[in-house]
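Down below is the structure, laid out as structure tokens.
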Amino acid sequence: MEAIQQFALASGIAIGGGLLGAAVSAILLRRAQARQAHRLAAEVAAGNLPPAVAAPSLAPLLDALSQRIALMQQARDELDAQRRQLSADMVRQMQQTDGAMRAKDRFLSAISHDLRQPLQTMDLALAQLRREPLPAQARELVQLDAGMRTLAEVLDGLALLSQLDAGALQAHASACELEQAFASALAAQADAARRAGVSLHAHAGGHAVFTDPRLLGSLLERLLDNAIKASPGGARVLLAARRHGTQVRLEVRDGGVGIAPIHQPRVFDEFFQVGNPERDHRKGFGLGLPIVSRLAALLGTRVELRSRLHAGTCFWLALPRASVLQRPPRAVLLDRDPGHRDALAAMLRSWGYAVQAESAVDAACTHLAGGNGGLDAVLCAIDADDDPAWGLLRAAAAQQAQAARIVLCASPGPGLLELAARHGAQALSRPPAPAKLRSLLAQRPLPHSMRGTA
């Protein structure tokens with residue numbers, strides 16, 4: 001009996017020792033695996049993926065992780081290739097667009113110069129024929145006169161488009177009473193409205209705006225001309241103004257058939273016309289609205305439209321009230337080249353901007369403070385991906401998020417275009433084409449206004 005007890009005790013001690021040994025081995029193994037996992041995690045974090053033989057117990061995990069990383073790297077490489085291709089396409093399109101714009105400007109300049117003198121000679125000859133007409137030539141003289149007026153109208157429109165695209169015209173803002181501006185625009189279109197059987201109406205509401213009166217008058221006349229041509233006989237065209245916050249909204253409404261949604265994005269394109277497939281010159285030439293769009297950009301605004309089929313069309317634009325204390329739009333310009341900097345600053349000032357032009361990033365950043373009404377534009381000359389001028393754009397995004405950010409590049413490459421997009425900036429070639437720069441600046445309402453007394 002005693003022997004059995006001794007045997008049982010020995011067996012229990014042996015079993016307990018075995019269990020304790022197994023527990024200690026498991027703890028040591030777990031600690032070893034933990035150390036191994038930490039070491040592997042550190043290597044993965046450093047960008048190194050160890051082979052499975054370095055940790056046989058974690059081989060399945062390392063294999064799965066290796067496959068996942070390979071897939072992610074492949075997807076990243078594909079995205080990088082797509083970005084590079086898109087950036088290269090953007091560069092190529094920008095170059096093609098610049099070339100097309102220069103060719104168009106040369107073409108418009110040439111026809112404006114080369115056709116103007118022959119037309120004047122023909123007009124003098126026609127005037128001579130009018131003084132001594134033959135009875136059988138009366139009809140031909142009328143047709144010849146109409147053809148001359150048509151050619152002159154097209155030529156004048158093309159010449160004006162060329163001037164606007166080249167930035168040859170400048171806006172000089174002042175207080176403008178809309179009562180007088182509306183009356184002048186209606187008087188200029190009175191004969192056209194009478195021939196079309198359309199009645200013109202105006203409601204200025206006693207408002208005044210801060211703009212260039214001459215350019216505004218030209219814009220309104222073309223909007224009225226477009227409304228008259230779009231309206232059937234007996235319809236009415238309304239030119240109206242109403243207050244909209246610190247701005248005045250100017251509207252031209254017609255009673256025409258309206259513009260289908262599919263055509264609305266193209267109405268400001270040159271020579272595009274809705275409902276004139278036969279190209280009847282009595283319905284215009286498709287130049288009025290493109291000129292209107294460029295005039296609006298020159299005035300620091302843009303023309304919008306609202307239209308429904310068989311319910312007429314309303315074109316409208318917003319201008320700052322003259323009864324509100326005005327401040328010029330503010331711009332910060334960073335360019336290390338003194339020649340380019342001075343030339344661009346002079347151009348911005350001619351457009352009415354208050355410009356702070358600097359050659360150093362730190363100096364330019366000091367002008368990002370809010371001031372009266374904030375900042376309207378930040379322009380940076382940047383030629384490299386690691387240019388310190390990117391710091392100005394980052395600071396502007398943080399402090400003046402509403403400001404337009406524009407990158408000026410001597411030779412915009414894919415990487416630079418991608419960086420500009422990441423900074424929420426538009427890229428332009430340096431020196432920028434005035435029309436393109438003005439268009440980017442006009443995408444936001446300028447100038448800003450602040451409340452004050454008249």
Side-chain angles (χ1 to χ4, degrees), residues 160-161 163-178 181 185 207-223 241-252 268 289-305 315-333 344-356 371-379 396 400-406 425-426 428 432-452:
L160 181 55
L161 273 177
Q163 288 180 306
L164 290 168
D165 287 340
L169 296 181
Q170 298 180 6
H172 302 282
S174 62
C176 175
E177 295 288 343
L178 291 182
H207 294 296
V209 294
F210 192 77
T211 189
D212 186 310
R214 179 178 56 88
L215 296 179
L216 176 62
S218 180
L219 185 153
L220 293 177
E221 289 176 20
R222 283 174 167 79
L223 281 180
R242 59 189 178 91
R243 181 172 172 176
H244 190 76
T246 59
Q247 297 183 316
V248 175
R249 182 163 160 165
L250 284 62
E251 300 179 349
V252 176
F268 296 107
L289 290 178
I291 291 175
V292 162
S293 177
R294 287 161 172 80
L295 287 173
L298 195 56
L299 294 175
T301 184
R302 58 185 175 187
V303 178
E304 308 280 358
L305 75 92
F315 287 91
W316 60 270
L317 65 149
L319 292 169
R321 287 193 299 123
S323 57
V324 175
L325 181 63
Q326 300 297 321
R327 71 155 177 87
R330 293 178 57 233
V332 172
L333 169 62
L344 184 53
M347 183 168 64
L348 290 171
R349 291 187 180 105
S350 73
W351 294 344
Y353 278 79
V355 183
Q356 298 291 344
N372 290 331
L375 191 65
D376 299 289
V378 176
L379 301 94
Q400 299 286 343
Q402 82 289 346
R405 296 187 286 280
I406 298 174
Q426 299 281 352
L428 284 179
K436 285 189 176 182
L437 177 58
R438 194 66 192 266
S439 177
L440 287 182
L441 294 173
Q443 288 179 6
R444 50 194 313 280
L446 294 175
H448 277 205
S449 303
M450 59 181 179
R451 295 187 180 275

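Computed from a predicted structure; not experimentally measured. Excluded from the calculations below are hydrogen atoms, water molecules and symmetry mates; all remaining heavy atoms, backbone and side chain alike, are included.
- Note that OG1 of Thr301 is 9.5 Å distant from CG of Leu250, once rounded to the nearest 0.5 Å.
- Scored by the side chain to side chain contact (heavy atoms under 4.5 Å, CB included) test, Ala396 finds Leu368, Val378, Arg405 as partners (sequence neighbours excluded).
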Evaluate Leu319 against Val248 for side chain to side chain contact (heavy atoms under 4.5 Å, CB included), listing each step before the verdict. CA-CA 5 Å; Leu319 292 169; Val248 175; 5.6 Å; no
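- From Arg321, atom CZ reaches atom NE2 of His207 across 8.5 Å, with rounding to the nearest 0.5 Å.
- Contact detail for Ala403 and Ala377: the closest heavy-atom pair is CB-N, 4.0 Å.
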Taking only distance into account, with no hydrogens and no angle test, what donor-acceptor pairs under 3.5 Å do side-chain atoms of residues 208-220 form with protein atoms, sequence neighbours excluded?
from   : atom 1 : to     : atom 2 : distance (Å)
Asp212 : OD1    : Arg214 : N      : 3.0
Asp212 : OD1    : Leu215 : N      : 3.2
Asp212 : OD2    : His172 : N      : 2.8
Ser218 : OG     : Arg222 : NH1    : 2.5

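- Annotation: side-chain hydrogen bond (donor to acceptor under 3.5 Å, both in side chains) contacts of Gln356 (sequence neighbours excluded): none.
- At distances below 3.5 Å, not a single donor-acceptor pair connects side-chain atoms of Asp376 with backbone N or O atoms of Ala331.
- Interatomic distance, CZ of Phe315 versus CG of Leu305, reported as 5.0 Å (0.5 Å rounding).
- The minimum heavy-atom distance between Leu178 and Ala241, with the atom names listed, is CD1-CB, 3.6 Å.
- Every side-chain hydrogen bond (donor to acceptor under 3.5 Å, both in side chains) that Glu304 has, sequence neighbours left out, goes to Arg302.
- Shown here are the salt bridge (charged side-chain N to carboxylate O under 4.0 Å, His left out) partners of Arg242, two or more places apart in sequence or in another chain: Glu251.
- Arg330 places no side-chain N or O within donor-acceptor distance of the main-chain N or O of Val332, the cut-off being under 3.5 Å.
- In this structure, CG in Leu379 is found 8.5 Å from CG in Leu428, a value given to the nearest 0.5 Å.
- By the 4.5 Å heavy-atom criterion applied to side chains, Met347 and Leu437 are counted as neighbours.
- Every side chain to side chain contact (heavy atoms under 4.5 Å, CB included) that Ala318 has, sequence neighbours left out, goes to Gln247.
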